Amino acid sequence: MAEAADIKGTGPSPARRWLRRTLTVAVGAPLLTGLLQAPVVTSPAVAAPSATAAPLVTTAEDATGSKTVDVSIDTLTPNTPVESDTVTVTGTVTNRGKKAVTDASVELRVGPRMDSRSEIEQATKRTGYRDDSDPSPVQDGPTAKIPKLGAGLSSDFSLSVPVADLGLDEAGVYQLGVSLTGQTSDRPYPRVLGIERTFLPYQPEPTEKKTQLTYLWPLIASAHVSAETATDDQRTPVFEDDALVAELRPGGRLDQMVSLGKNLPVTWVIDPDLLATVDAMANGYRVKDGSLHVPGANKELAERWLDELEKAVQGRKVVALPFADPDLASLAHHGKDVPGSLGHLQSATALAGVTVETVLHVQPSTDFAWPVDGAVDPSIVSVATSAGADKVIARSDSVRDDLSYTPTAARPLGNGSTTAVVSDALLSTAFEGDMVRAEGSTLAVQKFLSQSLAITLEQPEKQRSVVVAPQRMPTVAQAQTMATALRGLSGRRWSQPSDLVTAATAEPDPNASTAVPSGSRYPKKLRDQELQVQAFRDMKTTRDELNDFKVVLTFPDRVVTPFGNAINRETSTSWRGRTRAAAIYRGNVQDYLQRLTKGIQLVDKSDLTLSGRSATIPVTVQNKLVQGVDHLVLRLVSNNGNRLKINGERAAELPVKVGAGHSQSVKFDATAAVNGQVPVTAQLYTEDGTPYGKPMSFTVKVSEITPTVMLVIAGGVLLLVLAGVRMYTQRKRLAAQAAEAEAEATETEATGSGEESGSAEGAEKAEKPEEAGSAEPGPEPGKGDADGPEQPSDPTPDTGPESGDPSATGEKVDR
């Protein structure tokens with residue numbers, strides 16, 4: 001009755017009401033104990049207890065059915081009120097039960113001031129209403145009446161109350177509850193059927209010492225660029241897919257991170273690979289489409305995003321992670337035992353600063369390492385600092401402090417050579433989970449703001465530095481919720497913004513832990529997501545093949561740069577939970593490298609026949625690449641040096657240099673000693689003696705000159721001589737006949753016979769000496785050489801006629 005008589009605005013504070021109610025319960029407990037000895041009658045015929053009596057006899061959540069109605073708090077404004085403000089809470093109530101709720105009312109409940117961060121966490125975990133721990137409704141506070149709420153139906157509500165009427169005695173964090181009280185047909189008396197809790201941080205005046213709060217704003221994405229480049233002079237990069245576009249376009253995740261972050265006091269933490277990827281898009285790119293590479297169509301979108309980001313980071317602190325954000329824990333637990341794996345981290349670190357400065361024109365800090373979820377152990381710290389980083393971003397649930405307050409983030413770690421910047425676990429994980437629903441987003445914001453105030457009030461006389469390292473790739477809803485929370489701190493009544501570089505140099509708390517947790521404490525959930533040893537072995541295979549390949553190229557940078565970046569991407573933290581996708585990416589990189597290396601190859605040879613004691617053996621080297629190759633040697637080895645020698649030895653080497661898209665025939669002198677077949681092997685090597693590509697084998701058939709061959713040759717020579725003698729004899733006989741005819745003609749002319757017929761006949765014979773010779777035996781027409789009648793001046797052929805049959809197997813060598 002006393003509470004009912006209190007005048008609005010002058011009633012007791014929630015803390016006093018809480019104390020009064022506790023005393024009432026304590027005094028009435030003996031009486032209730034006696035009453036409860038009798039059986040409890042739950043028949044509807046029995047008169048229902050009054051609204052004020054029902055909570056006193058119900059101490060368990062399920063006994064009141066306080067989960068029958070789901071209460072959702074969608075908005076709370078302002079989220080950090082001062083005394084002159086009016087708090088407005090809006091939301092929805094939904095009947096999850098099977099019976100209609102009648103005579104319902106929605107009310108506000110303000111609990112007592114919370115004295116520690118752990119109290120906030122405990123209140124967060126509670127669900128149903130408990131009479132022994134939940135406060136009474138705000139006296140004379142606002143109420144939303146709902147006459148009837150059918151099963152499965154919902155109803156919106158809005159409650160507004162001046163802060164002065166909430167009875168907040170002093171600065172601090174208060175529990176703010178919204179409950180629905182009503183009745184159902186099976187239990188026709190008023191009771192709490194649903195409740196939702198949130199928190200109200202109340203600090204009307206600025207504190208003397210404000211907490212320095214550093215909030216990391218990560219710009220990180222998964223890998224999209226392949227190892228392939230187009231064959232043009234610009235070496236246009238080829239993307240595995242165009243999925244990054246969805247994140248860059250207006251309203252996308254990366255677009256929101258930039259548009260929100262540019263107005264917030266944050267430290268930008270950037271993966272340089274993301275900048276390199278978007279910069280490649282802005283300068284023209286291609287995308288895999290099956291076996292084809294199609295031009296990328298989002299150049300302008302990439303240009304716009306980079307322009308906005310460059311404006312956002314000017315004058316702000318930027319931290320560059322190693323290129324492609326390598327998974328430090330995977331390297332430490334599985335990769336460091338595979339030779340060369342740590343070299344990825346070193347090259348990624350060296351590339352980080354150059355990339356950020358080139359694209360964004362700002363000088364970033366590159367001496368920070370960020371293991372997944374800030375979980376560290378000795379091996380992770382060792383790997384993280386091996387590439388030059390001397391600051392590790394850890395988290396307080398890994399580096400644990402046994403203190404009653406939150407210490408400053410920075411402290412020396414282990415032997416003191418490394419600085420650990422320990423982010424606060426509760427603040428860092430405040431926005432994980434589903435932030436799409438307004439209910440989850442509002443609760444996360446109020447919890448974050450309340451925890452930050454609680455940190456300041458733990459030691460109000462001492463200023464401390466706190467770091468928040470949220471999830472690496474927040475969703476759009478998570479990013480928007482984080483931005484809302486940071487804007488709630490804009491009044492700077494208990495905190496002030498700082499940056500990561502400043503936080504790392506803050507004076508450490510002497511009571512804070514500096515011990516590195518053991519490997520056994522590393523979370524199993526995180527360990528199960530790591531890249532395994534086989535992944536690093538695959539990377540080593542690719543790296544070794546790349547090292548062998550680059551030494552023979554005239555322009556190695558055209559290959560080394562895209563493949564080096566691709567190998568760095570294979571170690572990315574973004575592959576966690578995507579084992580299959582990671583394996584496919586590694587396989588694509590290795591397959592493409594092997595296709596390139598096979599572009600330089602030996603052309604297969606058929607078996608050779610070597611007739612004689614010496615000849616030249618040609619071996620062809622083909623280059624299908626778009627650049628020339630050099631620094632190669634071709635080694636030809638005879639598997640039987642006694643039978644066949646190459647350049648006078650069992651094996652010989654000759655240098656190879658082939659232009660782009662060309663072939664070169666390399667010729668070796670071969671000397672045969674004995675007949676027979678000799679296997680010969682050709683193999684390319686780099687100049688340092690490393691085999692390049694697969695060997696190529698063929699057989700040389702050696703056929704030495706025999707007596708039979710000599711007899712055939714001698715017979716041919718004899719036929720040539722006889723033909724020459726015959727030709728000489730015929731010509732001599734013809735000359736004699738011509739001389740005789742001429743003599744007869746002269747004699748007739750001298751005697752002056754005057755007989756015309758005789759003169760005519762003699763003259764005719766003198767003029768046609770050839771016809772006189774034609775009487776000599778000779779080949780008949782059609783019975784001479786195969787090509788036609790033989791003429792007296794034709795030489796005897798030294799080769800047989802060509803055959804129309806297919807050529808014999810084997811390759812003819814140069815003589």
Side-chain angles (χ1 to χ4, degrees), residues 73-91 110 113-114 117 120-121 123-124 160-161 163 166 168 171-176 178 196-207 209-217 256-257 259-267 406 423-424 426-433 435-458 460 464-471 474 476-499:
I73 300 177
D74 296 335
T75 66
L76 192 160
T77 55
N79 47 27
T80 57
V82 295
E83 191 171 4
S84 59
D85 288 331
T86 295
V87 173
T88 299
V89 180
T90 66
V110 178
R113 180 180 182 273
M114 297 183 174
R117 301 183 66 186
I120 299 175
E121 287 304 298
T124 302
S160 296
V161 58
V163 173
L166 294 176
L168 307 180
V173 177
Y174 294 85
Q175 175 183 312
L176 179 65
V178 177
E196 181 64 277
R197 302 173 183 82
T198 186
F199 306 97
L200 197 65
Y202 181 62
Q203 181 64 47
E205 300 294 333
T207 59
K209 299 288 185 179
K210 298 181 179 64
T211 300
Q212 293 181 329
L213 191 139
T214 298
Y215 204 101
L216 308 188
W217 200 252
Q256 286 291 289
M257 291 296 291
S259 60
L260 293 170
K262 66 182 180 182
N263 298 317
L264 298 173
V266 295
T267 297
T406 305
S423 64
D424 186 82
L426 291 177
L427 297 182
S428 298
T429 59
F431 306 108
E432 295 180 355
M435 296 290 121
V436 175
R437 296 180 59 193
E439 177 183 16
S441 176
T442 299
L443 177 60
V445 169
Q446 295 306 121
K447 179 181 174 182
F448 177 89
L449 295 172
S450 298
Q451 287 281 3
S452 66
L453 175 57
I455 289 174
T456 301
L457 297 179
E458 287 172 340
R464 284 159 292 153
S465 174
V466 174
V467 172
V468 181
Q471 57 272 34
V476 171
Q478 289 170 345
Q480 292 170 343
T481 305
M482 293 191 300
T484 301
L486 288 175
R487 285 193 288 265
L489 295 174
S490 59
R492 302 187 181 185
R493 296 198 296 276
W494 63 83
S495 69
Q496 61 187 27
S498 183
D499 61 79

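These figures come from a predicted structure and were not determined experimentally.
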Mind listing the closest non-hydrogen atom pair of Y202 and V82 along with its distance? CE1-C, 4.0 Å
Step through the shown structure and confirm whether more than 12 heavy atoms of other residues, nucleotides or ligands are within 6.0 Å of CD on E121. yes
Can a side-chain donor-acceptor contact be found between Q203 and R493 if the only test is distance below 3.5 angstrom? no
Less than 6.0 angstrom separating the ring centers of F199 and Y174, yes or no? no
Going by atom types alone, do T456 and T207 pair a side-chain donor with an acceptor below 3.5 Å? no
Please evaluate residues T88 and T77 with respect to the criterion side-chain hydrogen bond (donor to acceptor under 3.5 Å, both in side chains), reporting the C-alpha separation (whole Å), side-chain torsions for both, the decisive distance (0.1 Å), and the verdict. CA-CA 5 Å; T88 299; T77 55; 4.7 Å; no
Compute whether any side-chain donor of one residue and acceptor of the other, for T211 and Q496, lie under 3.5 angstrom apart. no
Output, in order, the C-alpha distance, side-chain angles, deciding distance and verdict of side-chain hydrogen bond (donor to acceptor under 3.5 Å, both in side chains) for E432 and Q478. CA-CA 7 Å; E432 295 180 355; Q478 289 170 345; over 6 Å; no
Quick check against the 3.5 Å criterion: does S490 have a side-chain atom that pairs as donor or acceptor with the backbone of L486? no
Please report the C-alpha distance between S452 and W494 in whole Å, then the side-chain angles of each, then the deciding distance to 0.1 Å, and finally whether the side-chain hydrogen bond (donor to acceptor under 3.5 Å, both in side chains) criterion is met. CA-CA 8 Å; S452 66; W494 63 83; 3.0 Å; yes
Does R492 offer a backbone N or O that forms a donor-acceptor pair with the side chain of S495 under 3.5 Å? no
Between T86 and S160, does a side chain to side chain contact (heavy atoms under 4.5 Å, CB included) hold up when you go through it step by step? CA-CA 7 Å; T86 295; S160 296; 4.2 Å; yes
Please evaluate residues R464 and D424 with respect to the criterion salt bridge (Lys or Arg N to Asp or Glu O under 4.0 Å), reporting the C-alpha separation (whole Å), side-chain torsions for both, the decisive distance (0.1 Å), and the verdict. CA-CA 12 Å; R464 284 159 292 153; D424 186 82; over 6 Å; no
Does the side chain of F448 come within less than 4.5 Å of L427's, by heavy atoms? yes
Identify the two heavy atoms, one from A454 and one from V173, that lie closest to each other, and give their separation to 0.1 Å. N-CG2, 4.4 Å
For the residue pair V467 and L213, establish whether any side-chain heavy-atom pair is separated by less than 4.5 Å. no
Starting at CG of L264, measure out to CE of M482 and round the result to the nearest 0.5 Å. 9.0 Å
Could you check whether any side-chain heavy atom of V466 comes within less than 4.5 Å of a side-chain heavy atom of T214, counting everything from C-beta outward? no
What are the two closest non-hydrogen atoms of P78 and D85, and how far apart are they? CG-OD2, 3.6 Å
Heavy-atom pair of closest approach, residues A444 and M435: CB-SD, 3.8 Å
S441 side-chain N/O to R437 backbone N/O, donor-acceptor pair under 3.5 Å: no
Once rounded to the nearest 0.5 Å, what's the spacing between atom CG of L453 and atom CD of E458? 10.0 Å
Expected output: side-chain S428 to main-chain A469 donor-acceptor under 3.5 Å: yes
CG of L166 to CG of L176: how many Å apart, nearest 0.5 Å? 7.5 Å
Rounded to the nearest 0.5 angstrom, the OG1-CD distance for T442 and E196 is 10.0 Å
What one should report as the nearest heavy-atom pair of Y215 and P470 is CE2-CG, 3.8 Å
Please report the closest heavy-atom contact between Q446 and S450, naming both atoms and the distance. O-OG, 2.7 Å
Out of curiosity, F431 CZ to K447 NZ, how far, rounded to the nearest 0.5 Å? 10.0 Å
